[in-house]
Number of protein chains: 2
Amino acid sequence: MRFGVLGTGRVGRVLASRLVELGHEVAMGSRSADNPAAKEWAASVGGGGRSGTFAEAAAFGEVVVNATAGAASLQALQMAGAPNLAGKVLIDVSNPIDPASGLPPTLSVCNTDSLGEQIQRTFPDAMVVKALNTVNADVMVNPGLVPGSHNVFLSGNDERAKARVAEILVDFGWDPADIVDLGDITTARGTEMYLALWLRLWAVKGTGHFNIRVVSPQPG
Amino acid sequence: MRFGVLGTGRVGRVLASRLVELGHEVAMGSRSADNPAAKEWAASVGGGGRSGTFAEAAAFGEVVVNATAGAASLQALQMAGAPNLAGKVLIDVSNPIDPASGLPPTLSVCNTDSLGEQIQRTFPDAMVVKALNTVNADVMVNPGLVPGSHNVFLSGNDERAKARVAEILVDFGWDPADIVDLGDITTARGTEMYLALWLRLWAVKGTGHFNIRVVSPQPG
């Protein structure tokens, strides 16, 4: 399958590399066509990778991944262009971290709205699925880094889009039983606001290689 | 030991009953001295329970528990009176749910502040420890309702106060290894904002009898 991965940071590179490893063709998109990080990434993965503008990467992908910094996501997606996102699954792995905040950072949107919802409202013809934003990039594509059963969450309005994303997560190594569909895109508030707890757990654990498991008396 | 439990709702009653069951003397406090729910509770638990105003309950307790609704907590604690809280461990189990919001509710404070911090700032002579606000009342006092290992979190500025609260949690049935000290009271933002995810998980699970376990490669 063809993927457009928007964002050349660590999350984008890790996701894009894993998708190439799984046999997909991946275009990494950035603000400019000659972004050094994107070109270096494309060269490093061989034939399965290419680089270009946000618009070129989004046009290339049958599925588009938003791996840009949350504060830049809406602008990056505007540059990608609504027609290049229309009718496509748009996997949003970003968190709306306020770049002007200190450490630990705060969110630029939360509580009564979320970045996932903002993206879906701005691009109504895309099928936005919030996913993977509750774990570190390494864990996103290699859940086995964290032992045993632990969960990943999906938020989105389109059932088929969520099913498609679940298949991709399974290819990454996630156990289907560990994928929790939280409901429509408004549930992205839950996973985005969890960042506040994740950041404190990260400080306590001293590593980003952790995750949470939801434990309940009933299986599932 | 003597406890003052502020709040006559389900959380307050469940906590107060468990404390009596463990052999403590408990005064349940409310807005008025003749609150029917508080009087009924006191009568139901026999000699270990009594009821009174917020101020009477706080004065009675060597340890005070804030189990009032988050939106009413600061006012309830003002009625309890700063002198009755000074030098005492104040366990804050509340969440700042906005009563004017719909379902699922939103928070009245989050992201750049928390109710736990507001309480600590308002009552600087109390030793505020945020705890138990990430689980349902039944699970608070009976963690065995959820199978296996799962976590409870502490936030507070005073190490001895947190150690004292950890002992109480162990009496409730929590495994010491499952008690995670997140750091100072600002980390209450993490556990209070987790409510947004908790509410969505509650909807998915169909029960409040669940919790999260933090899983990482390193033990602990």
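Letters A, B, ... are given to chains in the order of the sequence lines, protein chains preceding strands, and every chain is numbered from 1.
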(message) Under the side chain to side chain contact (heavy atoms under 4.5 Å, CB included) test against B/Asn111, which residue among A/Asn111, A/Thr106, A/Val109 passes?
(response) A/Thr106

(request) Side chain from CB out, backbone as N, CA, C, O: work out which of these in B/Ser149 comes under 4.5 Å of a heavy atom of chain A, or both, or neither. (result) backbone

(request) Under 4.5 Å heavy-atom distance to chain A, tell me which part of B/Asp98 shows up: side chain, backbone, both or neither. (result) neither

(message) On a heavy-atom basis, which atom in A/Ala196 and which in B/Met193 lie closest, and how many Å separate them?
(response) CB-SD, 3.5 Å

(message) If I measure from the heavy atoms of chain B, does A/Leu199 come under 4.5 Å with its side chain, its backbone, both, or neither?
(response) neither

Taking the side chain as everything from C-beta on, heavy atoms only, tell me whether [X] gets closer than 4.5 Å to [Y].
X	Y	value
B/Val215	A/Pro147	yes
B/Val204	A/Leu182	yes
A/Arg200	B/Arg189	yes
A/Lys205	B/Val214	yes

(request) Kindly compute the distance separating CG (A/Leu197) from CG (B/Leu195), expressed to the nearest 0.5 Å. (result) 12.0 Å

Looking at [options], which one has more heavy-atom pairs under 4.5 Å with chain B than the rest?
options	result
A/Thr112, A/Leu107, A/Val146, A/Leu145	A/Leu107
A/Val139, A/Thr187, A/Thr186	A/Thr187
A/Thr134, A/Leu201, A/Asn151	A/Leu201

(message) Using a 6.0 Å cut-off, check whether atom CD of A/Glu62 has over 12 heavy atoms from anything other than its own residue.
(response) yes

